[in-house]
Number of protein chains: 2
Amino acid sequence: MSLPEKTVERLSEYRRTLLDCLNQGKSHIFSHELAALLHNTAVQVRRDMMLMGFTSMQRKGYAIKELIEAIGELIDTSEGLNVAVIGVGNLGRAITGYFQGKRSKLNIVATFDIDPEKIGRMIAGVKCYSLDDFPKLVGDLQISIAILTVPPEHARNIADFVASSGIKGIQNFTTAPLNMPPHVYLEEYDMITSLEKIAYFVKNHQG
Amino acid sequence: MSLPEKTVERLSEYRRTLLDCLNQGKSHIFSHELAALLHNTAVQVRRDMMLMGFTSMQRKGYAIKELIEAIGELIDTSEGLNVAVIGVGNLGRAITGYFQGKRSKLNIVATFDIDPEKIGRMIAGVKCYSLDDFPKLVGDLQISIAILTVPPEHARNIADFVASSGIKGIQNFTTAPLNMPPHVYLEEYDMITSLEKIAYFVKNHQG
DNA sequence: GATGTAATGTTATATTAATAACAATGTTTA
DNA sequence: TAAACATTGTTATTAATATAACATTACATC
Ligand SMILES: NC(=O)c1ccc[n+]([C@@H]2O[C@H](COP(=O)([O-])OP(=O)(O)OC[C@H]3O[C@@H](n4cnc5c(N)ncnc54)[C@H](O)[C@@H]3O)[C@@H](O)[C@H]2O)c1
Ligand SMILES: NC(=O)c1ccc[n+]([C@@H]2O[C@H](COP(=O)([O-])OP(=O)(O)OC[C@H]3O[C@@H](n4cnc5c(N)ncnc54)[C@H](O)[C@@H]3O)[C@@H](O)[C@H]2O)c1
């Protein structure tokens, strides 16, 4: 009953692009226009619209404002989702800083570390807590998503700990593959692998 | 003729895991052992082995050292591939710093920016050049892959510029979707989209 | 009002990837 | 040596995703 993963990804991208269009004063957009802005195809756009049950003004294209709202209905929760960053090193700091200032329904409300130098301080605009306080703060701050940017050798233990504290989703930037229970939605991004894949296809000159 | 993308990704992960195994003194590994370390299945491992044409010691498992080398044959080039980071902000610095110290066949040999404060200095251990010098340095330093971490509003122009200078692969961390000619292998990772996807599946409680 | 057209919504097909099925092979043990 | 077993390599099936095909709609124009 839920949308395909790839469609959800595209909806997120559609929305961001549509917000730009709205700011430029556009009120409607054709499937092929949106497709061109995102380097995919008009058919794909229309198919995604169909899957989410959104229907156009016949012959006028899709109403941008309404579409943005419809995507929001699917992706956002009314109060927003609170996010924690675990491990405030170089990457964790970059991510935390990046999200500050972006007003969205995803708010980084806390960071966690074990380095006493960092605990208690504001890091990239967000308070850093001891990881020991995580279970308590999950409840207090209504945290539902954790971004994992700790050293890879600790990733598994920390992920298990975090998951057992009631988190619903994890974004793992560590190179250590995780194994989560089914009630925790896990998304992994392995930067090294991603680059090595590029290397492979560059080497085997796919073009 | 070339391997499926997903297989290439897994090969990279296999190799990293296998290196750990080798360090622990293991010489052979069964498909189900490797699978368990990576939370995928033995069948998937064997199928990948088949696709890359690697064959086991019957009943003894796969020879780890040889397998690592075989994966290297596919992914690495003998001299290694040189990489540039374009846009040395928070994310670019984190990535550059991360790759320093990792000895691998992927070397970040230069960074580029337009901020005069940064140009000419060492940033995260690598010299920062003016983007204007990029076409020249691509040749001098044999750069074949660019990591794009510039502000999204400039991403398209810079990507076009970089591609026209002879780069073979681009890793785009910008939220701006790119459109590259077929001889440039493009990999995009959109962190916002990735998180919004988690939000969607958390909200729709897939577990 | 018929005709052409530009766009949509939906069904059908093709591609890609994951999973399952299973025969073949070597190993151990009786 | 035969039977039981563990493990592999490969082929077959299923699932997920993207692409294509096409009938339908609304409107413009003659
Ligand atoms: N920096 C990058 O661009 C990059 C690229 C690819 C992968 N990664 C991965 O991201 C992770 C973080 O990378 P980084 O460069 O930020 O590393 P880092 O060393 O700068 O940061 C790690 C942080 O985690 C903290 N930490 C250590 N143990 C902890 C624990 N038990 N609980 C909570 N916090 C703990 C450390 O105090 C430190 O602040 C690593 O797993 C790395 O493999 C990073
Ligand atoms: N920081 C993150 O964790 C994060 C997360 C998601 C996406 N991103 C994306 O990554 C990109 C970089 O993010 P950041 O947080 O590092 O931003 P940042 O502002 O810290 O860094 C941007 C850098 O690009 C340089 N720059 C600007 N114009 C340039 C040009 N024309 N040529 C070369 N360099 C130029 C700036 O001088 C600066 O050093 C952005 O597109 C952002 O959307 C970052």
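Each chain gets a letter, A, B and so on, in the order its sequence line appears, and its residues count up from 1.
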Inset, instruction - Scan residues 11-22 of chain B against DNA chain D and write down, sorted by residue number, each residue with any heavy atom closer than 4.0 Å; if none is found, say none. - result: none
Legend entry - Difference in axis direction between the ends of the helix from C/dG1-D/dC30 to C/dA30-D/dT1, five pairs, 10°: 10°
Legend entry - For atom CE of B/Met57 and atom P of D/dG9, their distance in whole Å: 12 Å
Legend entry - Residue pairs involving residues 183-195 of chain A (criterion salt bridge (charged side-chain N to carboxylate O under 4.0 Å, His left out); sequence neighbours excluded): A/Glu187-B/Lys197, A/Asp190-B/Arg16
Legend entry - For chain B, the stretch of DNA chain C it reaches, first to last nucleotide, under 4.0 Å of its heavy atoms: C/dA17 to C/dT27
Legend entry - Whole angstrom value for the distance that separates P of D/dG9 from CE of B/Met49: 9 Å
Legend entry - Whether B/Lys105 side chain and B/Ser78 backbone form a donor-acceptor pair below 3.5 Å: yes
Legend entry - A/Arg93 side-chain N/O to B/Asn90 backbone N/O, donor-acceptor pair under 3.5 Å: no
Inset, instruction - Rounded off to whole Å, could you give me the CZ-to-C1' distance for the B/Phe54 and D/dT10 pair? - result: 18 Å
Inset, instruction - Using the test ring pair (Phe, Tyr, Trp, His ring centres under 6.0 Å), find all partners of B/His28 that sit at least two apart in sequence or belong to another chain. - result: none
Inset, instruction - Please confirm whether B/Lys203 makes a cation-pi placement over B/Phe201, using NZ or CZ under 6.0 Å from the six-membered ring centre and within 45° of the ring normal. - result: no
Legend entry - Cation-pi check, B/Lys136 onto B/Phe134 ring (under 6.0 Å, within 45° of axis): no
Inset, instruction - Using the test side chain to side chain contact (heavy atoms under 4.5 Å, CB included), find all partners of B/Ser104 that sit at least two apart in sequence or belong to another chain. - result: B/Leu106
Legend entry - Sequence-distant partners of A/Tyr14, ring pair (Phe, Tyr, Trp, His ring centres under 6.0 Å), two or more places apart: none
Inset, instruction - Could you check if a side-chain atom of B/Ile147 sits within less than 4.5 angstrom of a side-chain atom of B/Ile95, using non-hydrogen atoms only? - result: yes
Inset, instruction - Output yes when B/Arg15 and A/Glu196 qualify as a salt bridge under the 4.0 Å nitrogen-oxygen rule, no when they do not. - result: yes
Legend entry - Those residues that, when tested against B/Tyr189, pass side chain to side chain contact (heavy atoms under 4.5 Å, CB included) (two or more places apart): A/Gln171, A/Phe173, A/Tyr189, B/Gln171, B/Phe173, B/Met191, B/Ser194
Inset, instruction - Determine yes or no for a side-chain-to-main-chain donor-acceptor pair under 3.5 angstrom, with A/Thr149 supplying the side chain and A/Gly87 the backbone. - result: yes
Legend entry - Close approaches to DNA chain C from residues 29-38 of chain A, in residue order (heavy atom, under 4.0 Å): A/Phe30, A/Ser31, A/His32
Legend entry - Donor-acceptor contact below 3.5 Å, side chain B/Ser165 vs main chain B/Phe161: yes
Polar atoms only, N or O, under 3.5 Å: list the protein pairs with nucleotides 16-24 of chain D and their distances.
from, atom 1, to, atom 2, distance (Å)
D/dA18, OP1, A/Arg10, NH1, 3.2
D/dA18, OP2, A/Arg10, NH1, 2.9
D/dA18, OP2, A/Arg10, NH2, 3.1
D/dT19, O4, A/Arg47, NE, 3.0

Would you give me the side-chain donor-acceptor pairs under 3.5 Å for residues 20-27 of chain A, sequence neighbours excluded?
from, atom 1, to, atom 2, distance (Å)
A/Asn23, ND2, A/Leu19, O, 3.4
A/Lys26, NZ, A/Glu33, OE2, 3.3

Inset, instruction - Output all residues satisfying side chain to side chain contact (heavy atoms under 4.5 Å, CB included) with A/Asp133, sequence neighbours left out; order by chain, then residue number. - result: A/Ser130, A/Leu137
Inset, instruction - Specify the separation, in whole Å, of atom OH of A/Tyr62 and atom P of D/dA26. - result: 15 Å
